[in-house]
J.: 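Handing you this structure, nothing more for now.
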Amino acid sequence: MANLIQAIRGMHDVLPEQTPLWQYAENIIREVLGSYGYQEIRLPIVEKTELFKRSIGEVTDIVEKEMYTFDDRNGDSLTLRPEGTAGCLRACLEHGLLNGQAHRLWYYGPMYRHERPQKGRYRQFIQLGVETYGMAGPEIDTELLLIMERLWRRLGVREQVKLQINSLGTIAERLVYRDNLVQYFQAHPEQLDEDSLRRLQTNPLRILDSKNPAMRELIDQAPELMSYLGEDSRQHFNAITTRLEQLGVSYDINPRLVRGLDYYSKTVFEWVTDALGAQGTVCAGGRYDTLIEQLGGKASHAAGFAMGMERLLALMETQSSIQTAKPVDVYMVRVGLNAEQHGLRFAEQLREALPTLKLQLNMEGGSFKSQFKKADKSGADFAIILGDDEVNRAEVSIKSLRDSQGQHVLSESQAIAFFQDYLLSRQ
Ligand code: ATP
Ligand code: MG
């Protein structure tokens, strides 16, 4: 097989054997978000580069080195979205959705970042994004955390994740803190690595997020943003933690949690796991009130989160208790021309009567024996068998493929009733 074209590095396929787990997670996500009254919004994958520069921030990792940016045929600079928050807000502002109203929205789809591919870090990855507008919090911040808590429980990974929460205060509070932080780091230049020296000039808070173990001690001793918060920020934060305690949601305060995007204020949080090695953040978010004005809207409020689906799926794969749907319930074996025609018609009749039954027909011909092998391999619970005998008597044979109960011969209407019971018994 010479010269096969391969996928782009860091952009992977989800193969049919993996999709049931994805669909399982996606169904739960839709259901949980629906149960809180959130609505889906569908957004373009490509946006003007300017949108991301203005929102995410010029001196963030994403904008500095991770974006897929290109000139289109008109010479406009476009970018494959690296995240969804900016596009979602752009759409809502553009369509006048934010005129004094509150919204609860979600979106789901691929994001693109030119990062070094490794386990849990890809160049195309799927995010679930949840955004709320027009609500000042702390109630809505808490609701977002409750949604995540419920998602983990429903997805069967609650024990594997932990909530870390922090407050970044207002921009003014952060500026004062930033000056103090810069002074602290400048007093220890010999302990700063190359990245941190650069960030000291551009984005010093990001130094706190450094993954370099050699920097650990210096960072641990650094001043904490929490002690620079004003009364309003402090109350906002305390109101969230109090509610979490009342509702039994456990959390850790992580004073070093800063997030890599510039637009956050007050609440920030991450759900982290130690089950996935280095890429341990499965879900992250917070409040980003100022982004609305930054993108040209009237001052309002916004808070949201994004969940990395590949990391979630990797976590779910560690749980053997999760049962996903099989691709085929019933496999039809047909031998002989009459049986083929008869079977095709009966299959349509079955689908008409039982739309959720997953019925697959053998279309490769072959003997009863070879077709039975395929029936077994399909993972189906039952085989329907049609040969000349059955056709002549207007009957079908049904054989369980999971136990040795043998074959029953039924009329067509009895067979429909049989599979109806089967579907009911599975619910
Ligand atoms: P990290 O610190 O892991 O780089 P981030 O701060 O860049 O994450 P966000 O922009 O907040 O991540 O994105 C939210 C979530 O999306 C992350 O917590 C993660 O689960 C997922 N995510 C981000 N980048 C990637 C990627 N390159 N591949 C897979 N998932 C990703
Ligand atoms: Mg990143």
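Numbers for residues simply follow the sequence, beginning at 1. Indexing begins at 1, ligand by ligand and atom by atom, following the structure's order.
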J.: If you measure from atom 5 (P) of ligand 1 to every heavy atom of Glu83, Arg113, Met111, which option wins on shortest distance?
T.: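 The nearest heavy atom belongs to Arg113.
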J.: Is it the case that the side chain of Arg113 and the backbone of Pro82 share a donor-acceptor pair, with hydrogens and angles ignored and the cut-off at 3.5 Å?
T.: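 Between the backbone of Pro82 and the side chain of Arg113 there is a qualifying donor-acceptor contact (under 3.5 Å).
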J.: Out of Arg121, Gln279, Arg123, Glu115, whose heavy atom sits nearest atom 1 (P) of ligand 1?
T.: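 Looking at heavy atoms only, Arg121 sits closest to atom 1 (P) of ligand 1.
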J.: Can you list the atoms of ligand 1 that are under 4.0 Å from a heavy atom of Gln127?
T.: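 Heavy-atom distances to Gln127 below 4.0 Å select 13 (O), 14 (C), 15 (C), 16 (O).
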J.: Out of Ile62, Ile56, Thr281, who gets a non-hydrogen atom closest to atom 17 (C) of ligand 1?
T.: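 The option holding the nearest heavy atom is Thr281.
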J.: Contact between Val258 and Val268 at the side-chain level, heavy atoms closer than 4.5 Å - yes or no?
T.: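 No. Closest side-chain heavy atoms not under 4.5 Å.
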J.: Is the contact between Val282 and ligand 1 made by the side chain, the backbone, both, or neither, using heavy atoms and a 4.0 Å cut-off?
T.: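 For Val282, the contact with ligand 1 is made by the backbone alone.
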J.: Is it the case that more than 12 heavy atoms not belonging to Arg116 sit under 6.0 Å from its CZ atom?
T.: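 No, the 6.0 Å shell around CZ holds no more than 12 heavy atoms from other groups.
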J.: Would you check, one step at a time, whether the test salt bridge (charged side-chain N to carboxylate O under 4.0 Å, His left out) holds for Lys266 with Asp232?
T.: CA-CA 10 Å; Lys266 294 188 177 162; Asp232 180 50; 3.0 Å; yes
J.: Mind running salt bridge (charged side-chain N to carboxylate O under 4.0 Å, His left out) on Lys373 and Asp376 for me, showing each step along the way?
T.: CA-CA 5 Å; Lys373 268 197 194 138; Asp376 262 330; over 6 Å; no
J.: Near Gly120, which atoms of ligand 1 are under 4.0 Å from a heavy atom of that residue?
T.: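 Those qualifying, in numeric order: 28 (N), 29 (C), 30 (N).
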